[in-house]
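Below is one structure, written out as structure tokens; comments come after it.
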Amino acid sequence: MATKSGRVISAEKPFRWKQALLKWEVFLVIIFIAVNIMNACISPYYMSVNGLFTATSSFLEKSFIVLPMAYVLLLGEIDISVGATVALSACMLGISFNAGMPMGAAVLICLLTGSLCGALNGLILTKFQELAPMIVTLGTQILFRGIAEILLTDQATGGFTKVAWFKNLYWGKVGPVPIMFLIFAVCAAVFGVIMHCTTFGRRMYAIGSNPLAAKYSGIHVQKIRFIIYTITGTFSAVTAIFLASGMGSARSNIASGYELEAISMAVLGGILTDGGKGNFPGAILAIFILGFLRYGLGLVNVASQLMMVIIGLLLIVVVMVPNLNLGRIFKKKETKA
Amino acid sequence: MKKKFNLKSITSSRETSLVIVLVLLCGFVQFRNSAFLTPGMIENLFKNYAVTMIMALGMMCVLLIGGIDIAVGSTLGFSGMCASLFLRDHTQMPAIVIFLISIAIGTICGALIGLVISYGKVPPIIATLGGMYVFRGLAYLVAKNEWVSAYQFTDGYKDFAQSKYLGFGLVNNLIIITILIYILFFIFFKWTTLGRKIYAVGSNAEAAEVSGIKIHRIKIMCYAILGFLTGLCGAIYTSLYASAQGDMGTGLEMDVIAACVVGGVSLNGGRGSVAGVFLGALTMAIVGRALPLIGVSQFWQTAIKGLIIIVAVILNVLAQRAIDKNNLKGREM
Amino acid sequence: MSEYVLELKGITKIFPGVKALDGVHFQLKAGEIHALMGENGAGKSTFIKVITGVHKAEEGEMFLNGKKVNFRGPRDAQEAGIAAIYQHVTAYPHLTVAENIFMGHEKVKHGIIQWKAMNEEANGLLRELNADFNATDEMGALSVAQQQMVEIAKALSMKARIIIMDEPTAALTKRESEELYRIAEKLREEGASIIFISHRFEDMYRLATRVTVFRDSKYIGTYEVDQISNGDLITAMVGREITDLFPKPEVKLGKEVLRVENLSRQGYFKNVSFSVKSGEILGLTGLVGAGRTEVVQTIFGAERYDSGKIFVEEKEVRIRKVQDALRLGIGLLTEDRQHQGLILDWGIGRNITLSEIEKYGSKIFTNEKAEREAAKKLAEEVDTKAVTIFDKASSLSGGNQQKVVVAKILASDLKVLIMDEPTKGVDVGAKAEIYAIMGELAKKGYAIIMISSEMPEILGMSDRITVMCEGRVTGELKRGEATQEEILKLAMAKSLKAAQ
């Protein structure tokens, strides 16, 4: 069928090599390979199944936050309370465990705590839509951290290693594969599918691109925001569980700065803070790039502080470069052609 | 005329309500513990919160143009560390030179962030998140992971934060500096065209550009002002605590932003006042100081601070809604 | 000295990829009001920005009082006595009126702003303009018309000799427009020259002595207003003749689809009642600010109502959110399509299917293929000028964007279509196409509610016309009996009563 004026509108996506190759993910894959080659040169043990999985254990526990953080950033919002949520959830885990509860129940309480923290953010932000997420989550960040301090004062709560299955969450393996890696892979796959293949995912993109238009298209904007903030809390608790499993104890000051690391990873992955941009594989790639890079530099005793400088610069450069030259250069070429 | 009254009440409501809250708070604490409102205590309070109070002003500049800076804690660490290292290696230097070095480094850091944000078009939260990592990392690297301890500082430097020579022997130096800076900024924002331009850019950047205001320059200037004050605070901080560590000032950005928010500065830009920031910072300081005096455990302080921020922003929204609703009722049909 | 206060010759301005102005000429006589007309995208706004120094032209010369000038920035133009009042009000909502007036040329003594002197002078200017507000009021609290008055006061304060107004009446009510005409006349009598951009022929006839037409970034011609006919002017603007602008087909009306009774929302509207039948186009008109948009937004569930009843096909329904309205078959084409109707970053295909993703896939998963097919069909149905459904919505012209929004609304199974200012910001050619689409939709049995401020459109397209004034329905007119005067009388019913 064509229009009245005889025009046919194509439903085929035009494919351009240049565009496909210039995608951010392609760039990330190249960096990913480069980082791995570098690490392999540094350490002969790195390029083995065992070596690689050991490397992942050094950063995967906090990567669980990146999954929902990608959603939050996709909405064009931000949640800086996740680090404090991790601390509070871990404290609740320790307190309920040391109060004599079975570990299973303590884990559930931990998850519930995280979800409630997230839900509180969601509730405030949906009931008072005038407020910026930055400021609300700044407030709850301090509040959650404060509650953790009230609960634990400056003491640690521990003894988690007594429960074998709990310890195995972080340390255990199925064959050569760490259990944590398996769980992460499943979670990442689910998050990715939701983002790209479901109506929920499409609606997230719509809200991130233009919340008003989304509302007028009949999308439950506030409901979706609430769900996403709650999930963010839940997955902060998941990180708390793995962190507690790995350390065997918890304190009120753990996981500080996790929010910024999670945001950095998502942003490096191409999910920029202005909303509606980026895709999930990019974020996953960024997790592994940063994780492996940190691990590799650690092997050669490059100070972790230098690593901070590198990540910081990377973050700025990654966002700045496309804004500066590339756009102009390519536009000029197009007009000439 | 009725409408005019409403408008007045919107713009002044934040300051008045903060004053009322402060008076009630102080009254309550004083009632429970008479050691609170004594000259020594008040001096102590202002001395210890001078850093937050001064930086909150700079943060206001940045928030006014719709930006944000979460790198200030790191900037403070970096500039303070550089200055302290210089002092360690050149003990004959007078304190003022050390202050100038710290200020210069802070200003450069701020200006760099401003450049990245304005010309690089990087969102402020990302740019300053990056800056936060970079400057913190550098603070450790320049010091080679070492501290600068009290014995490595000159007495003149350490004494600066404790003595009263700027205040003619009556008031602590830091308090004098804080007051001077607040007066300066009050004049700057109220009576100079440059100050009003900052408000203009925050209120409507597009219009500002069309009317010939150089937006990029204003933005860079705002971040540089914040950097300047942060650099100054870097020196104050090291002088006050008589040591310099790589992690000093960590998390300070949140305190500073919180002071601004409680003081009624809008994160969307365009709204905020010097008086509001002062009252906001003072509220947070008094909460921090007064609670231990009335027997609240130190472990409750953080939670109470967080609660205050949340309640303050929500009350703000509710007040605005009530005003809007009232305006609607007044409309004839 | 030259006859012209302002003369531009051969101005060419190139943006990456587009020639926004192509060798354009313009001459402005002293003390004249000169209309500048053309379709959207003809280059008028760019041209204004070249005059005011915001953009720098690649080619061409500009003469001020016969002397060649070369502005390096907006400040140079301001100092040369050129002031512009832009299409979108460029105010600082957080600052006071006086600050807005004096922004960029504050009264300063020893580097200190003289607030008292500024407020006094601002009040003087406002009094001259018969303004009903104060210099110390906050700008954000003023109405659009009042803000525009501040902009004019600003031009006066700069002693501008050349004042440019870019669509100043677009957001004004009839009465406010009259006030603006009066001010413009006054400025001209005092010796200022005015360039006036507008889509409204009414503005041009009322004010201008000469009119210059741009089309497709090119200069078409300059005409004496009283020597050119409406038709010739449209031909000049569009480049083709437009016949039968309002193709309203005769449709047999069906059953009543939507009825609202005594709908009220505090502060916005009160006791609003009307109904619309299938196949009918109901015109909803009134001055801007009469509460028309608020009423339809409420029916669409985007805002809550306090009291009243809504019936869909004789059954009472409760609409709390947009989803309810869509499920009941009520769709809304919002007035602000760029912010409320479209996601400009997205392809038109995704935009079209956004409200109905579940229809093409399942409750959980999307089905891209089915969506693309559907989007293609709908985009073709409304004759969108696009190559593929992946073209970004932002790349289309205003008229074509509006067609995409229509296609999007058609994706849902609707009975009632509410169109809020469907041709606002749309050029003459695309307007005719949108009217044709509306006619066809009525034929298919949709009940259509059309909000419009344009008289010819309301008279030409509606079966029935409901008029609102200050939040209340003041009258209803049938197609045959409605005249411009009748509508205006109802639209200003309240103020007329007050005047008596």
Side-chain angles (χ1 to χ4, degrees), chain A residues 1-16 19 74 76 126 190 193-224 272 274-278 327-337, chain C residues 14 16-18 297 300-302 321-327 331-332 334 336-351 353-358 361-366 368-369 371-373 375-377 379-391 408 412 436:
Chain A
M1 196 189 112
T3 62
K4 268 176 290 171
S5 54
R7 190 182 303 113
V8 179
I9 300 173
S10 163
E12 297 299 317
K13 192 158 193 162
F15 183 82
R16 292 196 193 99
Q19 253 178 12
L74 185 65
T126 49
V190 172
V193 167
I194 289 177
M195 189 156 154
H196 291 294
C197 304
T198 65
T199 53
F200 189 82
R202 178 77 61 80
R203 286 172 179 151
M204 285 196 298
Y205 271 102
I207 296 170
S209 303
N210 184 343
L212 258 186
K215 174 185 169 184
Y216 282 96
S217 303
I219 293 173
H220 299 82
V221 177
Q222 300 313 325
K223 201 164 138 193
I224 291 179
L272 303 181
D274 36 359
K277 302 217 174 75
R328 270 184 226 160
I329 293 166
F330 283 109
K331 260 189 198 147
K332 260 183 203 161
K333 270 188 190 163
E334 267 167 32
T335 43
K336 267 178 203 163
Chain C
I14 301 164
V18 263
Q297 295 250 352
F300 187 58
K321 44 189 194 293
V322 174
Q323 291 82 352
D324 296 341
L326 284 173
R327 203 171 45 238
L332 171 69
T334 53
D336 184 353
R337 62 180 160 267
Q338 301 218 338
H339 292 113
Q340 300 175 340
L342 287 173
I343 295 176
L344 292 174
D345 270 355
W346 282 16
I348 57 176
R350 287 233 158 150
N351 266 302
T353 52
L354 180 60
S355 326
E356 296 294 330
I357 333 171
E358 285 178 16
S362 65
K363 189 119 184 80
I364 298 172
F365 291 102
T366 53
E368 298 256 359
K369 198 157 172 264
E371 275 182 44
R372 285 179 192 178
E373 284 308 313
K376 170 186 156 79
K377 242 178 85 189
E380 286 176 348
E381 204 174 311
V382 295
D383 200 3
T384 318
K385 273 191 198 115
V387 182
T388 77
I389 57 165
F390 299 96
D391 290 4
K408 178 180 167 187
S412 310

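Letters A, B, ... are given to chains in the order of the sequence lines, protein chains preceding strands, and every chain is numbered from 1.
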Residue among C/Gln297, C/His339, C/Lys408 satisfying side-chain hydrogen bond (donor to acceptor under 3.5 Å, both in side chains) with A/Tyr216: C/Gln297

Would you give the length of the straight line joining atom [atom1] of [X] to atom [atom2] of [Y], rounded to the nearest 0.5 angstrom?
{"X": "A/Leu212", "Y": "C/Thr334", "atom1": "CG", "atom2": "OG1", "answer": "9.0 Å"}
{"X": "C/Gln340", "Y": "A/Lys215", "atom1": "CD", "atom2": "NZ", "answer": "8.5 Å"}
{"X": "A/Ile9", "Y": "C/Asp391", "atom1": "CD1", "atom2": "CG", "answer": "8.5 Å"}
{"X": "A/Arg202", "Y": "C/Arg350", "atom1": "CZ", "atom2": "CZ", "answer": "3.5 Å"}
{"X": "C/Asn351", "Y": "A/Ser217", "atom1": "CG", "atom2": "OG", "answer": "7.5 Å"}
{"X": "C/Asp345", "Y": "A/Tyr205", "atom1": "CG", "atom2": "OH", "answer": "12.5 Å"}

Most chain A-contacting option - heavy-atom pairs closer than 4.5 Å, from C/Val322, C/Thr388, C/Val387: C/Thr388

Shortest non-hydrogen contact between C/Phe365 and A/Thr199, atoms and distance: O-CG2, 4.1 Å

Closest contact, heavy atoms only, C/Leu354 versus A/Ile219: CD1-CD1, 3.9 Å

What part of [X] is in contact with chain A, defined as an atom under 4.5 angstrom from a non-hydrogen atom: side chain, backbone, both or neither?
{"X": "C/Ile364", "result": "both"}
{"X": "C/Leu342", "result": "backbone"}
{"X": "C/Ser412", "result": "neither"}
{"X": "C/Phe390", "result": "side chain"}

Top contributor to chain C interface from A/Ala214, A/Ala206, A/Gly201 [non-hydrogen pairs under 4.5 Å]: A/Ala206

Winner by heavy-atom pair count (cut-off under 4.5 Å) against chain C, out of A/Ser209, A/Ala213, A/Gly276: A/Ala213

Note: A/Lys13-C/Glu368 ion pair, threshold 4.0 Å (strictly below): no

